[in-house]
Amino acid sequence: MMNNLNARLKKEIGNFSNRETIEKIIFDIVFKHVKDMLFIMKAEGKGQFRYLFANKVGIEKASLDAGCAGMLIQEVLPPEKADEIIYYYNQVIETGSIVSFKDNAAAMDGSTFFGESILTPVRDDSGEIQIIVSVTRDITETVHEKHALIESQERFRSIIDHNMDSIFSLDLKGSILSTNNSAYSTTGYTEKELQDSEIFLYWKDSDRQNFNNLFEQSIKGKALESSELAFTHKSGEKIQVHLRTIPIIISETVKGIYLIMRNISSQLHNIETIKYMAFHDQLTGLLNRPALIRDLDEMIAAERLQAKKEIAILSIDLDRFKLLNDSLGHNMGDILLRDFANRIAGIPGYDYRVYRQGGDEFTILIKNVNKAETEEFAGILFKLLKFPFVLNRQDYYISSSIGISMYPGDGFDSESLIRKADGALRQVKERGKSHYQFYSKEILLHQPNIVVMESNLRRAIDKRELTLYYQPQVNLLTNEIESLEALLRWHNPTLGYVSPAEFIPLAEDTALIVPIGEWVFEEVCRQMVEWDEKGLNELKVAINLSPKQFLQPQLVDKIKVTIEKYRIRPSRLEVEITEGAIQDISESLTIVKRLKEIGLSISVDDFGTGYSSLSYLKQFPLDTLKIDQSFVKEILSDQKDAAITTTIIHLAQSLGLEVIAEGVELPEQAGFLKDANCQKVQGFLYSRPLPPAEVEKLLNRTIAL
Ligand code: C2E
Ligand code: MG
Ligand code: MG
């Protein structure tokens with residue numbers, strides 16, 4: 001191949017004396033040291049190009065062998081490649097000028113080789129293209145680099161475009177060069193509005209200066225973060241944002257910055273809400289128990305540092321709230337608690353805060369008061385409760401009991417001060433409610449502790465401390481005892497006699513009511529069998545079910561098992577439920593229906609105490625209404641109570657229900673009830689609740705009569 005030289009070249013070199021040597025040197029250089037692929041081709045007409053020369057790189061990279069000298073392209077290369085290459089060679093012939101092109105081919109190692117070729121025509125004296133020189137540069141690396149660059153640019157762009165944060169690319173003057181989608185939704189501005197505008201415009205008031213500072217520092221090369229600034233949305237609304245700046249540094253100079261912005265207003269709002277919820281009672285919006293402890297601790301710490309000042313801790317409980325809540329329903333109960341909270345909130349002249357401990361228990365902390373001033377405050381509270389609470393357009397009167405402890409007299413830490421105020425409150429409740437009491441060591445000595453009571457109550461069944469008394473229910477026309485109401489009694493060696501009004505609510509709160517209730521049922525059945533065996537008249541017995549007990553899922557099944565065990569005729573048993581227990585109609589209706597299916601009678605105890613909707617009377621398969629003793633008590637003196645009692649009797653009769661009036665103590669009351677057509681009565685006038693032995697005596701006497 002080396003011998004077949006282009007004529008012109010030969011001519012140039014031919015002037016030198018050592019021509020051949022020079023020729024050889026030049027070709028040697030070209031052959032060995034030129035890094036580009038070099039092919040010298042003989043142009044014999046369109047489509048006919050014959051290899052004359054190829055340098056070493058060319059031979060290797062194009063995988064040619066020495067035998068290709070003098071061969072046509074199509075004889076050397078595979079047909080497709082040959083066609084492609086010939087096309088460009090033909091162009092050189094057609095245009096008569098240099099042609100360049102890029103192509104790729106499979107390299108020896110299987111990788112793809114990218115080349116950039118320049119085809120240069122070489123003419124003879126007559127201007128005919130005799131030879132075409134092809135120089136091909138290996139641009140594989142450049143192509144790869146370019147691809148990599150494009151790919152990384154695309155990746156970068158997609159990170160920006162799809163980012164949840166708003167990203168602004170800014171120049172050193174603060175002009176916005178580009179943004180992403182999130183920026184439009186966060187700021188309210190369109191791409192067009194943001195493009196080329198100055199970022200500073202979007203920060204108002206003090207945020208403008210703060211943003212400027214952040215920007216100035218960032219263009220000096222500092223990456224910064226801040227959660228303090230608010231961006232002004234297009235609507236004018238300020239949105240709290242988290243900002244991050246990233247200087248764009250190219251060849252050690254800052255060319256601009258990326259500003260990354262996240263809307264954190266909802267996050268902040270959530271944090272605020274969580275904080276608020278942690279220290280507030282959701283129902284009343286008042287501060288809660290954790291807040292009470294926090295504040296009292298803080299107040300004590302502050303007082304210690306200052307001159308000695310007293311703090312009053314008032315523990316407040318609403319009297320009879322549970323009863324009201326049960327009979328009116330929890331919604332009404334909640335409204336009442338809220339109304340109460342509002343009513344006691346704004347007493348002028350005192351520096352105080354109200355907290356809800358839970359249920360109907362509230363605590364008030366009064367700063368900077370002495371005992372006399374605290375007493376005055378309690379007096380104001382009582383006065384505020386003289387006015388009724390209006391629920392469902394009806395008036396309800398609520399009284400409260402207050403126990404008070406004083407810092408520093410009664411203690412130095414929040415825990416013991418609150419405990420002592422609670423202790424004083426319990427004392428108030430025991431002594432008949434509706435007044436206040438300061439804590440004193442003496443009162444706590446003979447105070448039944450709730451915890452002690454609870455642990456005793458837990459053991460009461462096993463220790464056989466519970467008994468049942470029975471109160472006769474008398475037919476007003478015949479004066480005969482027709483039925484009995486079973487009433488629970490608890491005698492404890494340490495606590496003495498504890499009233500059911502006191503321990504039944506405790507049993508309810510601690511779920512002890514479930515085993516106690518089961519015991520009552522079993523005991524009544526056992527007693528009935530005993531009386532039957534003794535030949536006493538078969539009487540009906542009424543058993544009280546408190547609301548929690550009533551809604552207990554296994555209640556009906558357990559009752560059924562007990563009745564079957566003692567073979568008691570179910571119609572001899574009546575269950576007394578309160579209006580509160582049948583608040584949730586869907587659930588309680590199923591239970592009442594199942595009890596009826598077994599064959600039990602159902603009576604509504606304490607009827608008329610507050611609950612205003614009578615629709616349930618129609619829906620529930622009831623048998624008896626028990627007029628609450630509070631109406632009967634005033635029947636002779638209070639026209640309203642007399643009217644209510646007569647109305648209940650009429651109502652019951654028209655619904656085909658039996659009526660029992662409770663708490664009849666005077667013959668005149670019995671007379672009134674008889675005139676009003678009440679069938680049955682129960683009360684001290686006839687008999688107090690009696691132990692079984694006394695009941696037997698009474699019944700025997702009645703039989704004897
Ligand atoms: P209650 O079911 O309304 O029972 C009537 C209450 O009125 C009884 O109080 C009874 O002793 C009292 N009483 C009866 N006649 C008169 C009277 O003429 N004048 C006055 N002032 N009072 C009278 P007790 O025995 O203290 O029971 C209080 C409440 O405890 C009962 O009210 C009932 O709700 C509940 N209770 C009693 N035993 C049980 C029980 O076994 N289970 C459940 N869940 N609750 C019970
Ligand atoms: Mg009862
Ligand atoms: Mg009652």
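Both ligands and their constituent atoms are indexed starting at 1 by order of listing. Position 1 is the first residue of the sequence; numbering continues from there.
Atom OE1 is the N, O or S atom of E576 at the shortest distance from the Mg ion (ligand 2). Shortest distance from the Mg ion (ligand 3) to D606 is reached at OD1 (N/O/S atoms only). Closest N/O/S atom of E485 to the Mg ion (ligand 2): OE2.
Put simply, D605 gets within reach of the Mg ion (ligand 3), with an N, O or S atom under 2.8 Å from it. Metal site remark for the Mg ion (ligand 3): E662 contributes an N, O or S atom at a distance under 2.8 Å.
A heavy-atom separation below 4.0 Å is not found between K626 and ligand 1. Residue contact annotation: E576 has a non-hydrogen atom under 4.0 Å from ligand 1. Heavy-atom distances between K633 and ligand 1 stay at or above 4.0 Å for every pair.
For the pair E694 and K697, the salt-bridge criterion is met [side-chain N within less than 4.0 Å of a carboxylate O]. We find that E454 and R458 are joined by a salt bridge, their nearest charged nitrogen and carboxylate oxygen being less than 4.0 Å apart.
For ligand 1, the atoms sitting less than 4.0 Å from at least one non-hydrogen atom of Q471 are 14 (C), 15 (N), numbered in the order shown with element in parentheses. Distances below 4.0 Å separate heavy atoms of G683 from the following atoms of ligand 1: 15 (N), 18 (O).
With a 4.0 Å heavy-atom cut-off, ligand 1 is reached by no atom of R688. With a heavy-atom cut-off of 4.0 Å, V520 touches ligand 1 through its side chain alone. By the criterion of a heavy-atom distance under 4.0 Å, the side chain of D606, and not its backbone, is placed next to ligand 1. With a heavy-atom cut-off of 4.0 Å, Q682 does not touch ligand 1 at all. If you look at Q549 next to ligand 1, the close heavy atoms, those under 4.0 Å, all belong to the side chain. At a heavy-atom cutoff of 4.0 Å, ligand 1 is contacted by the side chain of P689 but not by its backbone. Residue contacts with ligand 1 for D605 involve side-chain atoms from C-beta outward but no N, CA, C or O (heavy atoms, distance under 4.0 Å). Contacts with ligand 1 closer than 4.0 Å are made by heavy atoms of both the backbone and the side chain of L488.
Judged purely by atom type and a 3.5 angstrom limit, N288 uses its side chain to pair as donor or acceptor with the backbone of A278. When atom types are taken as modelled, the side chain of S405 and the backbone of L417 share a donor-acceptor pair closer than 3.5 angstrom. Checking side-chain atoms of Y352 against main-chain N and O of G346 turns up a donor-acceptor pair under 3.5 Å.
Looking at P388 and Y396, their side chains never come closer than 4.5 Å, going by heavy atoms from C-beta outward. Looking only at side-chain heavy atoms (C-beta outward), I577 and P547 stay at 4.5 Å or farther from each other. Looking only at side-chain heavy atoms (C-beta outward), I347 and L384 come within less than 4.5 Å of each other. By the 4.5 Å heavy-atom criterion applied to side chains, V575 and F521 are counted as neighbours. Within the 4.5 Å cutoff, side-chain heavy atoms of E662 are placed close to those of D605.
The option with the heavy atom closest to atom 45 (N) of ligand 1, from among V632, N544, D628, is N544.
With rounding to the nearest 0.5 Å, the separation of CD in E658 from OG in S603 is 9.0 Å.
Remark: atom 32 (O) of ligand 1 lies closer than 4.0 Å to no protein heavy atom. For atom 29 (C) of ligand 1, the nearest protein heavy atom lies 4.0 Å away or farther. For atom 9 (O) of ligand 1, no protein heavy-atom neighbour is present inside the 4.0 Å cut-off.
The N/O atoms of L487, backbone and side chain alike, include none that comes under 3.5 Å of an N/O atom in ligand 1.
The nearest heavy-atom contact from the protein to atom 16 (C) of ligand 1 is F684 CE2, 3.2 Å. In terms of protein heavy-atom proximity, atom 19 (N) of ligand 1 is closest to E665 OE2, 2.6 Å. Ranking the protein heavy atoms by distance from atom 5 (C) of ligand 1 puts E662 OE2, 3.5 Å first. Here the protein heavy atom with the shortest distance to atom 35 (C) of ligand 1 is I504 CG1, 4.4 Å. Of all protein heavy atoms, the one lying nearest to atom 12 (C) of ligand 1 is Q629 NE2, 3.7 Å. At the shortest separation from atom 24 (P) of ligand 1 among protein heavy atoms lies P500 CG, 3.7 Å.
Under the 30°/60° scheme for interplanar angles, the aromatic rings of F340 and F389 are found to be tilted. Between Y470 and W531, the ring planes are perpendicular. Angles over 60° get that label, and only those under 30° would be called parallel.
Exactly one of V541, L573, T562 qualifies for a side-chain contact (heavy atoms from CB on, under 4.5 Å) with I568. That residue is L573.
No more than 12 heavy atoms of other residues, nucleotides or ligands lie within 6.0 Å of NZ in K560, so this atom counts as exposed by the packing criterion. Heavy atoms from other residues, nucleotides or ligands lying under 6.0 Å from CD of E538 number more than 12. Counting non-hydrogen atoms of neighbouring residues, nucleotides and ligands closer than 6.0 angstrom, the NZ atom of K633 reaches no more than 12 such neighbours.
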